[in-house]
Amino acid sequence: MGIYILKRLILAIPTLLVASVLIFSLVHLAPGGPIRVMLGDYQDPVLIERLRHQLGLDLPLYQQYLRWVGNLLRGDLGFSITVHRGAPVAQLIAQRISVTLELATFSMVIALLIAIPAGIISALRQNRLSDHIARLVALAGVSIPNFFLGILLILIFGVYLRQPWGAGGFVPISRGLGKNLAHLVLPAIALGTAYAAIIMRMMRSAMLDVMGQDYVRTARAMGIAEGNIVRRDIVKNALIPVVTVIGNSIGYLLGGSIVTETVFRMPGVGNLVINGIFRRDFPVIQAVVLFIVVLRIVINLVVDLTYGVLDPRIRYGAAE
Amino acid sequence: MSEVLLSIENLVTRFYTELGVVRAVDGNSLQLGEQESLGVVGESGSGKTVTALSVMRLIENPGRIEGGRILFRGEDLLRKTERQMRAIRGKDIAMVFQDSLSSLNPTLTIGEQICRVLKFHLGLSHRERWQRAVELLAQVGIPEPERRVKHYPHQFSGGMRQRALIAMAISCSPQLLILDEPTTALDVTIEAQIFELVEGLKQAFGMGTFLITHDLSVVATFCDRVVIMYAGKIVEEAPVTELYDRPLHPYTRGLLGSIPPLEGGKDRLDSIPGEVPDLINLPPGCNFSPRCQQAGERCWREEPPLEAPAPGRRVACWKAGEPDG
Amino acid sequence: MAKRYVQGGEYELGAHRSLLQEFWHNFKKNKLSLAGGAIVLLYAIMAIFAPLIAPYNPVEQFDAPRGMRNPMPPLSRDVEGRLFLLGTDKFGRDILSRAIYGTRTLLELAVGSIAIAMVLGVAMGAVAGYKKGTWVDELIMRTVDIMLSFPTLVLAIALVGAFGIGSVKLGPFTLSNLVKIMLVIAITYSPRFARVMRAVVLQEMAEDYVAAAKVTGASGLRILTREVLVNTIPTIIVQGSLMMATTVLTSASLSFLGLGLQPPRPSLGLMLNEARDYLFWGAWWYVIVPGGLITLAILGFNLLGDGLRDSLDPRQARRVRR
């Protein structure tokens, strides 16, 4: 297990490196460039030159990159050039990250709590009414865009039913956990529905797959009770591929939270990056994207480790 | 034959697929005495596994047992409730499947898998169950059973896994052990060891065994009596020695002709030209007629009944006993 | 080919069925995928004939009659008595016409992006597969892995961030906003095609016909372009159809965020964005029409894609149990 964790950690390093190069080159690929953006209408050549030097933009590219990475490692993500001019990006992200993380986590928890039991029941009752209903709901779930669902929810709960928590916005935990969670319910449903639908479908098909396995027949042939077979043979093994999907689909939750934050007007990281793009605030865009990618890679790592816990074949390597 | 342990009467098992009805087992009868070893031989698709699964009542959708009786110690298994069957499976009748890797749950240790069988049938305390599991592993010849009991299936070799599977099957001292091609995935030396083991266990527990195989050479050393199946039907039955000396059905003769020399090598039954017929669209007349070199007008038209030309022998062939053409 | 027995003791070989017939036979059995196909067909008709179907010019603004304000609900009339079946938007433009044109743009975007992504991905995957094990393969597949480690929408957003919003000047060329968005989405999705393509190329290269071509002295590149690529087309097309649904979602999401199509161009995503300001007016039609159209399109492509995959999936092939 130790070697497995180490191997996964080492494998993540080149991924992070190349990702940082990609994100770094985004800025240099950009037409215009940050200085022109910063100065806006006031394009004085002398000032441009001075700023270039100040920001190190006159250095060769590889030096700029090394400087950027060096700063990153020290926790310096640069400074905002337009949206919050002069503010350290690290601080901007830190102020907003709790919103995004809380939304993503809450969505995921709700989604998994619904999707996994639904997938199990659906598979066990294959082709019966409850299975058909679950599958139709899942189909609708993967088809409805989160922003449309979000607006519909606001329309229903905020506009027609006049619920105070139904109109969007974010209430920090400091003003009470109940209020905080109440305001998160609709965004979490909007964001988590497609995720839940994907997981439910995967759980169902993994269950059906496992139900056809020889070891399930062996367990039956040994006279094991059906409930025990479902728990220890079917669900336990079906969860293995589902965990992969849970991990791979986290990207959707992170990307989708940007959209959901916009729908519900929540002050999260998504909001920051969208404003950054409108105002061409390159350091902000760069930092937020890198931040999300790193987050994604870290979460994937954690999921991979869970995989090891669930599957002894990975934990103990191949056959002796 | 002493007391009858298992008696299958006119068993009909069919699968209702989208493409049509598969007549997997088509009205077969056979008997197995206490402590007797019966070999059931046939190509894949001949219905031998379905027969065994019917006895276990493990036929799954779209399959259905449509007729007949399966008497185990005089009681009809087809009349048992699912709950009663569960008490019989693994306790009185146990089955060992062919692919030991896919037949064991990859996420439970060997010990856990044996212990839960013990738990369901014998109860016992947690400690007693583990102790019994270790004993069982030792009994099937797994070295270092105390250590091995905590291992997962993938940490075992193929032969060891098959032994573990056998340990699980015999854990509650069944009276009937069904072995479904238990050695297909194994090499010849290990195969011999496994059969030696089963032979020993058979003596020790006084079990009857129902061995499914496509390999007549295995049957020769291990079984008392042989049933040959073809396309869902029994075509011949005989005591082992008689079958080898004087096979009556042309199909049996084809099978015997394809037994490899002692050194092993190819043991597949592909030396008979043609392929197993489509069980949905069976040929008229004798099922074997399209492949039979001796087949005549009558074979293509009428199905031969299963007759008993001598005590202990049965054969279904219009030309039974005629020398090869 | 299965041998089938017929009455009379003779048997005949089953009739040959072409792959296409086999596919259709499997596909039509699934009512849901047929429904998906029908939805997609309807959308295609709506997109192609948009100018004929749309009752008004999608950018023309109409004035609300006295006592009413835009956006007006469905079945309202303007000062001159013109009927708006699905109501108007905040500038008094006909929602139905905008929705029809918006659908057209959405499909244009999705089809265009997938086409470009296919070309990019096929090229990357083919080269990587052909140069298997070399540094070229390593470089391409590493890049592909990294791009896939970005959440799709985040990568698309990052690319828009780099290009900027609206049309882009690249030296002497100007990329229109539409083409730029296509490129952004295509780059985002090309790694998936590259992966599939590489796998298929490797599989095909191991086939006998490639060995045969090599023996006859054909050059490697010639084999790749003439023989292998032709055989990978079906897989790539299926992959493309499977990805249509997510491409529609991604492009609609970009437009919703304001990072995609720009006003006054009719766009379903943008309509939803505008509608947010009128929710408390109860302007449900402003939400339902564009949102419903996006959802139905994704549903249609999902059903169609699943149907295509299932009817081409070898696991679904006929099997007769023992």
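Protein chains get the first letters and strands the later ones, always in sequence-line order, with residue 1 at the start of each.
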Asks: Does a side chain donor of either B:Thr13 or B:Ser54 reach within less than 3.5 Å of an acceptor in the other side chain?
Replies: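 Looking only at side-chain atoms, B:Ser54 and B:Thr13 do form a donor-acceptor pair, the distance falling under 3.5 Å.
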Asks: Between B:Leu165, B:Leu53, B:Val117, who has the most heavy-atom pairs with chain A when the cutoff is under 4.5 Å?
Replies: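 The candidate making the most pairs under 4.5 Å is B:Val117.
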Asks: Using a strict 4.0 Å threshold on nitrogen-to-oxygen distance, state whether A:Lys7 and A:Asp304 make a salt bridge.
Replies: no
Asks: Quick check for you: among B:Arg86, B:His121, B:Met95, which has the greatest number of heavy-atom pairs under 4.5 Å with chain A?
Replies: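 Heavy-atom pairs under 4.5 Å are most numerous for B:Arg86.
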Asks: For A:Ile240, which atoms come within 4.5 Å of any heavy atom of chain B: side chain, backbone, both, or neither?
Replies: side chain
Asks: Taking only heavy atoms into account, what residues of residues 103-112 of chain B are found under 4.5 Å from chain A?
Replies: B:Ser103, B:Leu104, B:Asn105, B:Pro106, B:Thr107, B:Leu108, B:Glu112
Asks: Take atom NZ of B:Lys119 as the centre, draw a 6.0 Å sphere, and report whether it contains more than 12 heavy atoms from other residues, nucleotides or ligands.
Replies: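 Check fails, neighbour count at 12 or below.
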Asks: Below 4.5 Å from any heavy atom of chain A, which atoms of B:Ile88 appear? Answer side chain, backbone, both or neither.
Replies: neither
Asks: Is the NZ or CZ atom of B:Arg64 positioned over B:Tyr16's six-membered ring, under 6.0 angstrom from the centre and within 45° of the axis?
Replies: yes
Asks: When you check the gap from the basic side-chain N to the acidic O, do B:Arg83 and A:Glu226 get nearer than 4.0 Å?
Replies: no
Asks: Which answer fits B:Met85, side chain, backbone, both or neither, if we ask what part of it has an atom under 4.5 Å from a heavy atom of chain A?
Replies: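 For B:Met85, neither part sits under 4.5 Å from chain A.
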Asks: If you look at every heavy atom in B:Ser100 and B:Gly158, which pair is closest and at what distance?
Replies: OG-O, 3.6 Å
Asks: For a quick test of reading the model, state the closest non-hydrogen atom pair linking B:Val96 to B:Pro182 and the distance between them.
Replies: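 Here B:Val96 and B:Pro182 meet closest at CG1-CB, 4.5 Å.
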Asks: Is it true that the NZ or CZ of B:Lys48 lies under 6.0 Å from the centre of B:Phe210's six-membered ring and within 45 degrees of the ring axis?
Replies: no
